[in-house]
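FYI, side chains are in, hydrogens and waters are out, and symmetry mates aren't considered; it's all heavy atoms of this structure.
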Amino acid sequence: MAPVPMTPIKVGHIYDVQELRTATPTVIPERCMRDMADDERPIMATPHPSMHSIPIVDLSNLILQGDEDQFQKELIKLGTSCQDWGFFQVVNHGIDKELLERMEKLTKEFFMLPLEEKKKYPMEPGTVQGYGQAFVFSEDQKLDWCNMFALGVEPHFIRIPKLWPAKPANFSETLVEYSAHIRKLCQNLLRFIARTLSLKEEVFNEMFAAAVQAVRMNYYPACSRPDLVMGLSPHSDGSALTVLQEAGGSPVGLQILKDNAWVPVQPVPNALIINIGDTIEVLTNGKYKSVEHRAVVDMEKDRLSLATFYAPSYEIDLGPLKEFIKENHPSKYKKYNHGSTVAITSPTNYKGRKH
């Protein structure tokens with residue numbers, strides 16, 4: 001099981017930013033304001049030249065394997081994306097557009113419910129499932145400009161049934177269907193990622209056993225002063241892979257740290273955004289990168305996204321694979337147990353556990 005806090009956590013008052021924006025649209029509570037002295041505030045600058053350089057991987061060229069040259073080119077592109085960027089967008093991923101749109105619609109309907117309805121599914125302090133704002137562990141911590149709704153999906157024992165909403169209708173059934181397709185996508189991607197590393201195709205899928213999967217839905221209301229707040233604080237993911245679906249019509253909000261600059265990610269139509277998590281970085285001894293990323297907010301438009309986290313079974317002990325440990329490249333990470341280290345949807349500390 002994922003770890004739970006041993007002692008009560010005092011988090012102070014947590015603002016529901018949707019309600020705050022509706023009631024007092026120009027008010028930014030001090031607890032939401034980022035510290036200028038510590039360079040925490042987002043710089044709302046012109047797009048970085050690399051904005052259109054986020055790699056795009058066509059999964060159909062890997063799945064079908066009809067043209068060997070095209071297959072090898074796509075495999076090389078996938079490996080380069082994992083090593084140089086830690087992020088890529090995948091097209092022709094095999095998930096029906098209608099299902100993606102249905103899940104997006106129901107997610108938005110959930111966030112549009114009255115606050116009293118959403119509060120039936122509270123995210124308790126120190127936990128990562130339910131509705132609220134995750135990753136708050138103290139009364140002094142700055143708050144992100146985001147409402148979240150997170151649920152464990154697989155294996156079944158990580159589900160907390162009382163947190164699965166009755167409204168909107170068909171939400172739970174659609175989430176299960178959606179998650180099954182995302183799971184298949186992750187398993188396929190891991191097969192080809194293994195091949196880019198000259199490993200046995202099923203090495204990650206076999207190692208991960210009953211892989212853990214969770215979804216976190218993020219709603220970022222527009223903010224009158226987006227330069228003062230952060231949608232989601234900089235972090236990397238503790239997962240093996242993260243799959244991000246950006247809602248249609250949302251402003252660009254995701255930014256990744258590339259060459260010491262924050263690069264906005266412009267979603268490609270009908271694509272899903274994939275990033276390498278700490279698990280893969282550790283297993284490859286740093287060859288493939290788990291990249292720091294964050295979310296900024298817009299002055300006029302709300303933004304909605306769905307992030308699925310796919311990770312090994314909580315029972316698994318992880319460390320660099322022997323294939324990536326050499327005399328001139330020793331192990332950079334301590335071995336750790338996935339379940340006892342951190343919950344799947346929380347900011348990571350895997351990479352911090354270096355020798």
Handout entry: Exam field: side chain Gln18 to backbone Phe111, donor-acceptor pair closer than 3.5 Å
Key = yes

Exercise for the section: Establish, from distance only, whether the side-chain atoms of Tyr333 and Asn285 form a donor-acceptor pair under 3.5 Å. Expected result: no

Practice task
Please test Lys77 against Gln72 for side chain to side chain donor-acceptor pair (under 3.5 Å), starting from the C-alpha separation and ending with a verdict.
Solution key: CA-CA 9 Å; Lys77 187 193 296 184; Gln72 292 299 332; over 6 Å; no

Completion exercise
From the list Leu272, Val265, Ile273, side-chain contact (heavy atoms from CB on, under 4.5 Å) with Glu246 holds only for Ile273

Completion exercise
In short, Val212 meets Ser313 closest at the heavy-atom pair CG2-CA, 4.0 Å

Practice task
Classify the side-chain pair Gln187/Asn205 by whether it contains a donor and acceptor separated by less than 3.5 Å.
Solution key: no

Practice task
Please determine if Glu104 and Lys108 form a salt bridge, counting it only when a charged side-chain N lies under 4.0 Å from a carboxylate O.
Solution key: no

Practice task
Could you walk me through whether Ser60 and Asp58 pass side chain to side chain donor-acceptor pair (under 3.5 Å), step by step?
Solution key: CA-CA 5 Å; Ser60 66; Asp58 188 334; 2.5 Å; yes

Exercise for the section: Indicate whether the side chain of Asp317 and that of Tyr336 have a donor and an acceptor atom separated by less than 3.5 Å. Expected result: no

Fill in the blank from the handout: Output for pair (Lys119 NZ, Leu113 CG), nearest 0.5 Å, gives 14.0 Å

Practice task
Mind running side-chain contact (heavy atoms from CB on, under 4.5 Å) on Ser233 and Arg34 for me, showing each step along the way?
Solution key: CA-CA 10 Å; Ser233 299; Arg34 295 297 167 141; 2.9 Å; yes

Practice task
Would you check if the side chain of His181 reaches a backbone N or O of Leu100 as a donor-acceptor pair within less than 3.5 Å?
Solution key: no

Exercise for the section: Verify the neighbour count for atom CD of Glu98: are there more than 12 heavy atoms of other residues, nucleotides or ligands below 6.0 Å? Expected result: yes

Problem - Donor-acceptor contact below 3.5 Å, side chain Asn170 vs main chain Glu173 - result: no

Handout entry: Basic-acidic side-chain contact under 4.0 Å: Glu101, Lys105
Key = no

Problem - Flag for Arg216-Thr308: side-chain donor and acceptor within less than 3.5 Å - result: no

Fill in the blank from the handout: Nearest heavy-atom approach of Ser331 to Pro320 is OG-CG, 3.3 Å

Exercise for the section: Spell out, as yes or no, whether a donor-acceptor pair under 3.5 Å connects the side chain of Gln133 to the backbone of Cys146. Expected result: yes

Practice task
Answer yes if Leu64 and Val90 sit in the same cluster of Ile, Leu, Val, Met, Phe, Trp and Tyr residues linked by side chain heavy atoms under 4.5 Å apart, and no otherwise.
Solution key: no

Practice task
Indicate, with yes or no, if Tyr131 and Met112 share a hydrophobic cluster defined by side-chain heavy-atom contacts under 4.5 Å among Ile, Leu, Val, Met, Phe, Trp and Tyr.
Solution key: yes

Exercise for the section: Check the pair Asp302, Arg21 against salt bridge (Lys or Arg N to Asp or Glu O under 4.0 Å), reporting the backbone distance first and the verdict last. Expected result: CA-CA 11 Å; Asp302 297 355; Arg21 194 270 305 270; 2.9 Å; yes

Handout entry: Val153 backbone acceptor or donor facing Arg159 side chain under 3.5 Å
Key = yes

Exercise for the section: Using a strict 4.0 Å threshold on nitrogen-to-oxygen distance, state whether Glu109 and Lys167 make a salt bridge. Expected result: no

Exercise for the section: Would you sort out whether Lys120 and Lys162 count as a side-chain contact (heavy atoms from CB on, under 4.5 Å), showing the intermediate values? Expected result: CA-CA 9 Å; Lys120 294 177 181 178; Lys162 67 180 181 180; over 6 Å; no

Practice task
Using atom types as modelled and distance alone, determine if a side-chain donor or acceptor of Arg31 lies under 3.5 Å from a backbone N or O of Glu139.
Solution key: yes

Problem - Spatial distance of atom CD (Gln129) from atom CH2 (Trp164) [nearest 0.5 Å] - result: 9.0 Å

Handout entry: Met299-Trp145 co-clustered via ILVMFWY side chain contacts under 4.5 Å
Key = no

Practice task
Kindly work out whether a path of hydrophobic side-chain contacts (I/L/V/M/F/W/Y, heavy atoms less than 4.5 Å apart) joins Val176 to Phe110.
Solution key: yes

Problem - Quiz item: cation-pi between Lys289 and Trp85, 6.0 Å / 45° - result: no

Practice task
Report yes or no: do Ile160 and Leu175 belong to one cluster of Ile/Leu/Val/Met/Phe/Trp/Tyr joined by side chain heavy-atom distances under 4.5 Å?
Solution key: yes

Practice task
State whether the side chain of His293 and the backbone N or O of Val291 hold a donor-acceptor pair below 3.5 Å, judged by distance alone.
Solution key: yes

Practice task
Please list, chain by chain and in numerical order, all residues satisfying ring pair (Phe, Tyr, Trp, His ring centres under 6.0 Å) with His13, sequence neighbours excluded.
Solution key: Tyr15

Practice task
Could you give me the CA-CA distance, side-chain angles and deciding distance for Ser250 and Tyr220, then say whether side chain to side chain donor-acceptor pair (under 3.5 Å) is met?
Solution key: CA-CA 10 Å; Ser250 289; Tyr220 304 93; over 6 Å; no

Problem - Separation of Arg191 CZ from Leu199 CG (nearest 0.5 Å) - result: 14.5 Å

Practice task
Please report the shortest heavy-atom distance between Ala166 and Tyr121, naming the atom on each side.
Solution key: N-OH, 3.1 Å

Practice task
Please determine, by modelled atom types, if Tyr219 and Ser305 share a side-chain donor-acceptor pair under 3.5 angstrom.
Solution key: no

Problem - Basic-acidic side-chain contact under 4.0 Å: Glu154, Arg183 - result: no

Exercise for the section: Flag the pair Lys200 and Glu206 as a salt bridge only when some basic side-chain nitrogen lies within less than 4.0 angstrom of an acidic carboxylate oxygen. Expected result: yes

